[in-house]
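In listed order, ligands and their atoms are each counted from 1. Since this is a predicted model, take the numbers as computed values, not measurements.
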Amino acid sequence: MKYVITIDGPTGSGKSTISRLVAKRLNCPYLDTGAMYRVVALALKRGGIPLSDEPAVANTCDNLDIRFVPGHDTNRVYMDDEDVSEPIREPDMDLFASDVSKLDVVRKAMTTLQRKIGAQGPLVAEGRDMGTVVFPEARHKFYVDASTEVRVERRYQERKNRGEFISLKQVREDLIKRDRQDMKRSLAPLKPSMDAVIIDTTDLSIDQVIEQIVGKIEQKRD
Ligand code: C5P
């Protein structure tokens, strides 16, 4: 766990790109924990399982095989033998994954799985509760953030590039709603760990953020 680098932050903070590039620079794997919650959400949706049916939700988590397979640029996400990298990013999965991630049984199952992966060796783990809950002993913790308008714009471009027809207004509403839900929930809410380095990426390029993070990691090396 000591060799885990945690990167948490809200939607559009740039954490996915940043985590992937930091991992590449350090030559270690990265773990997209948001994708894990999205896979659970997809499995529940497809199975028609109501979120109020705790035993069925727990059973789904227990029987789910979530795997990451290195792809050309990003990792591909597999649910059992199916590549679900695209379906988990369908627009309706954003808020639904957030709803699913509020459940205690789901968080317990994902936390266990994430710690198992973290125990295997150096890792860059990105999400909402990496530094606060899943890897409290991590040696390097970062929290990346940016102004709401910049995050909305980044998210808008991302969704447009995916071929979605969406207005900036809708993206803003969705982003604010989801972040509020992630910050206000009782279990593992999105917040910086007390010992995290906070980086405001509003006016920084991705390269500048990577340099800051790698610089901090090298400074602390013993
Ligand atoms: O990062 P991404 O947008 O893919 O995450 C989808 C949702 O999964 C988030 O809105 C959040 O509710 C949940 N999540 C979480 N804890 C994490 C990562 C993601 O609760 N470590």
Proximal ligand 1 atoms for [X], defined as those under 4.0 Å from one of its heavy atoms:
| X | result |
| --- | --- |
| Gly127 | 18 (C), 21 (N) |
| Ser98 | 10 (O), 12 (O) |
| Arg89 | 4 (O) |

Give a yes or no answer on whether the side chain of [X] reaches the backbone of [Y] with a donor-acceptor pair at less than 3.5 Å.
| X | Y | answer |
| --- | --- | --- |
| Ser85 | Val77 | yes |
| Asp145 | Ile198 | no |
| Lys141 | Thr6 | no |

Does [X] approach ligand 1 within less than 4.0 angstrom via side chain, backbone, both or neither, non-hydrogen atoms only?
| X | answer |
| --- | --- |
| Met183 | neither |
| Arg155 | neither |
| Met36 | neither |
| Ser101 | side chain |
| Met130 | side chain |

Carboxylate-amine/guanidinium proximity below 4.0 Å for [X] and [Y]:
| X | Y | result |
| --- | --- | --- |
| Asp174 | Lys169 | no |
| Glu149 | Arg172 | yes |
| Arg25 | Glu211 | yes |
| Lys177 | Asp182 | no |
| Lys160 | Glu164 | no |

Measure the distances from the heavy atoms of [X] to every atom of ligand 1 and state whether one is below 4.0 angstrom.
| X | answer |
| --- | --- |
| Lys102 | no |
| Thr11 | no |
| Glu126 | no |
| Gln181 | no |

Would a single hydrophobic cluster contain both Leu190 and Phe96, if residues Ile, Leu, Val, Met, Phe, Trp and Tyr are joined by side-chain heavy-atom contacts under 4.5 Å?
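Result: no, two separate clusters.
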Asp207: what forms a salt bridge (Lys or Arg N to Asp or Glu O under 4.0 Å) with it, not counting sequence neighbours?
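Expected list: none.
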Just need the protein heavy atom nearest to [atom], so name the residue and atom and give the distance.
| atom | answer |
| --- | --- |
| atom 17 (C) of ligand 1 | Arg128 N, 3.4 Å |
| atom 7 (C) of ligand 1 | Arg178 NH1, 3.9 Å |
| atom 21 (N) of ligand 1 | Asp129 OD1, 2.8 Å |
| atom 18 (C) of ligand 1 | Thr33 OG1, 3.4 Å |
| atom 8 (O) of ligand 1 | Tyr37 CB, 3.7 Å |
| atom 5 (O) of ligand 1 | Gly34 CA, 3.5 Å |
| atom 16 (N) of ligand 1 | Arg107 NH2, 3.1 Å |
| atom 4 (O) of ligand 1 | Arg38 NE, 2.7 Å |

Report the member of Leu31, Asp182, Asp94 with the shortest heavy-atom distance to atom 9 (C) of ligand 1.
Asp182
Indicate whether the side chain of Gln208 and that of Gln212 have a donor and an acceptor atom separated by less than 3.5 Å.
no
For Asp129, all residues meeting side chain to side chain donor-acceptor pair (under 3.5 Å), sequence neighbours excluded
Arg107
